[in-house]
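Input: a single structure, listed below in structure tokens.
The residues of the chain are indexed from 1 along the displayed sequence. The model shown is predicted, which means the values in this text are computed figures rather than measured ones. Both counts, for ligands and for their atoms, begin at 1 and track the order of listing.
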Amino acid sequence: MNSPSGSRHFLDLSDAGTDAIAAMIADALDRKSARDGWPKGKADPDGPLAGRVLALVFEKNSTRTRVSFDIAMRQLGGTVLILEAGSSQLGRGESIADTARVLSRMVDAIMLRTDDHAKIEEMAKHASVPVINGLTDRSHPCQIVADLLTVIEHRKPLPGLEFAWFGDGNNVLHSILEAAGLMKFNVRVATPKGFEPDPEFVAMAQAGGAQITLTDDAAIAASGADVLVTDTWISMGQEDAEEKRGAMAPYQVNAALMAQAKPDAIFLHCLPAHVGEEVSEDVFEGPQSVVFDEAENRIHVQKSVLLWSFGLIG
Ligand code: CP
Ligand code: NVA
């Protein structure tokens, strides 16, 4: 999706597409290895975003997204400012359209974390600077670029890989499905009935050539899988219902489930985790868990997403 000025919005993975996502991952790998052991706030020598300011706008909580975008901008030579809905006019009802137009006069790019995906589409429609999706109820594309980088770093080329998802058919799963169609890997999705992903994302993955299996049997999804993924059962903004927790209980990623996967399978979780719920402690802390590599990689891919949004890569 292009902004009026020609810079690029990143609302979902399809806005970038296969080649640009590959370019983002390649750039993240290069920049990451070039600064191995450096202080985290030190800028990369080329400083490609020197003088640029990114506004981070939050209508929901965040740790990783907030810190990784801040550090990413420092490493690229730019700066950030943070706007929380509760302490800005957005929280008092100023429209998204006016906020987009004001911010576009004051900053060079906008990242928004919000609830309704229509809000970020509205922001993009009215902004003349790049708008980046930092999570909506529908999708979490930046997270999935970090997940793909993590999988590749653990020596697993994406085409033909078998991902397995357990639990809630949520925003993170939607972006995994979108990535599957673009990067040609397969996804087995194990959810309780009534918590399946949006069929639009399943269709998108299938249209891209990915094999998608929908099942309510966690063992079927785990069998022979290369990458096991889960997420919180109750996402931000959802009602914490006992009924839902009960339905999710058979989908916990634990040692018995990991034993059904390939011996060198890895475990991913976007975090924050609820250890003892969607993942057992032995898996979370175990040798197949790469969740902290995954968290660190948020920095490295935010840099790529920013560079792509400014038209500097891909
Ligand atoms: N994974 C993720 O987006 O984490 P935060 O909610 O802490 O940003
Ligand atoms: N599905 C979770 C992801 C948090 C990073 C949520 O939306 O709360």
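Between the side chains of Thr230 and Glu278, no donor-acceptor pair of N or O atoms lies under 3.5 Å. In the model, Ser280 has a side-chain atom that pairs as donor or acceptor with a side-chain atom of Asp282 under 3.5 Å. A side-chain donor from one of Asn297 and Glu153 sits under 3.5 Å from a side-chain acceptor of the other. There is no side-chain donor-acceptor pair under 3.5 Å between Asp44 and Gln75.
Remark: ligand 2 and His140 share no N or O pair separated by less than 3.5 Å (distance only, no angle test). Here's the thing with Thr63: one of its N/O atoms is less than 3.5 angstrom from an N/O atom of ligand 1. For a threshold of 3.5 Å applied to N or O pairs, the pair formed by Ser235 and ligand 2 contains at least one separation below that value. At least one N/O-N/O distance between Asp231 and ligand 2 falls below 3.5 Å. Polar contact check, Met236 against ligand 2: a nitrogen or oxygen pair lies under 3.5 Å apart. For ligand 1, the polar-atom distance check against Pro272 finds no nitrogen or oxygen pair separated by under 3.5 Å.
Between the side chain of Ser289 and the backbone N or O of Glu285, no donor-acceptor pair lies under 3.5 Å. Checked by atom type and distance alone, the side chain of Asn133 never pairs as donor or acceptor with a backbone atom of Asp12 at under 3.5 Å.
Heavy atoms of Lys60 stay at 4.0 angstrom or farther from ligand 1. Ligand 2 lies less than 4.0 angstrom from a heavy atom belonging to Leu271.
The protein heavy atom nearest to atom 6 (O) of ligand 1 is Arg113 NH1, 2.8 Å. Summary of contacts: the protein heavy atom closest to atom 4 (O) of ligand 1 is Arg64 NE, 2.8 Å. Considering only non-hydrogen protein atoms, atom 7 (O) of ligand 2 sits nearest to Asn171 ND2, 2.9 Å.
Considering Leu149, Asp264, Ile266, Leu268 as possible partners of His154, the one that fulfils the side-chain contact (heavy atoms from CB on, under 4.5 Å) test is Ile266.
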Take Arg138 and Glu121 through the salt bridge (charged side-chain N to carboxylate O under 4.0 Å, His left out) test and state the conclusion after the steps.
CA-CA 12 Å; Arg138 174 184 146 98; Glu121 289 175 336; 5.5 Å; no
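The aromatic rings of Phe201 and His174 sit parallel, their planes meeting at an angle under 30°, below the 60° perpendicular limit. Ring geometry for Phe185 against Phe163 counts as parallel: the plane angle stays under 30°, on a 0 to 90° scale with 60° as the upper cut.
Near Arg298, meaning under 4.0 Å from one of its heavy atoms, ligand 1 places the atoms 1 (N), 2 (C), 3 (O). The ligand atoms of ligand 1 that sit less than 4.0 angstrom from a heavy atom of Cys270 are 1 (N). Close approach of ligand 1 to His140 is summarised as follows: ligand atoms under 4.0 Å from at least one heavy atom of the residue are 2 (C), 3 (O).
Residue contacts with ligand 2 for Leu135 involve side-chain atoms from C-beta outward but no N, CA, C or O (heavy atoms, distance under 4.0 Å). Only the backbone of Leu271 comes within 4.0 Å of ligand 1, judged by heavy-atom distances. Residue contacts with ligand 1, taken as heavy atom pairs separated by less than 4.0 Å, do not involve Arg66 at all.
Using a 4.5 Å heavy-atom cutoff, the side chains of Leu307 and Asp27 are in contact.
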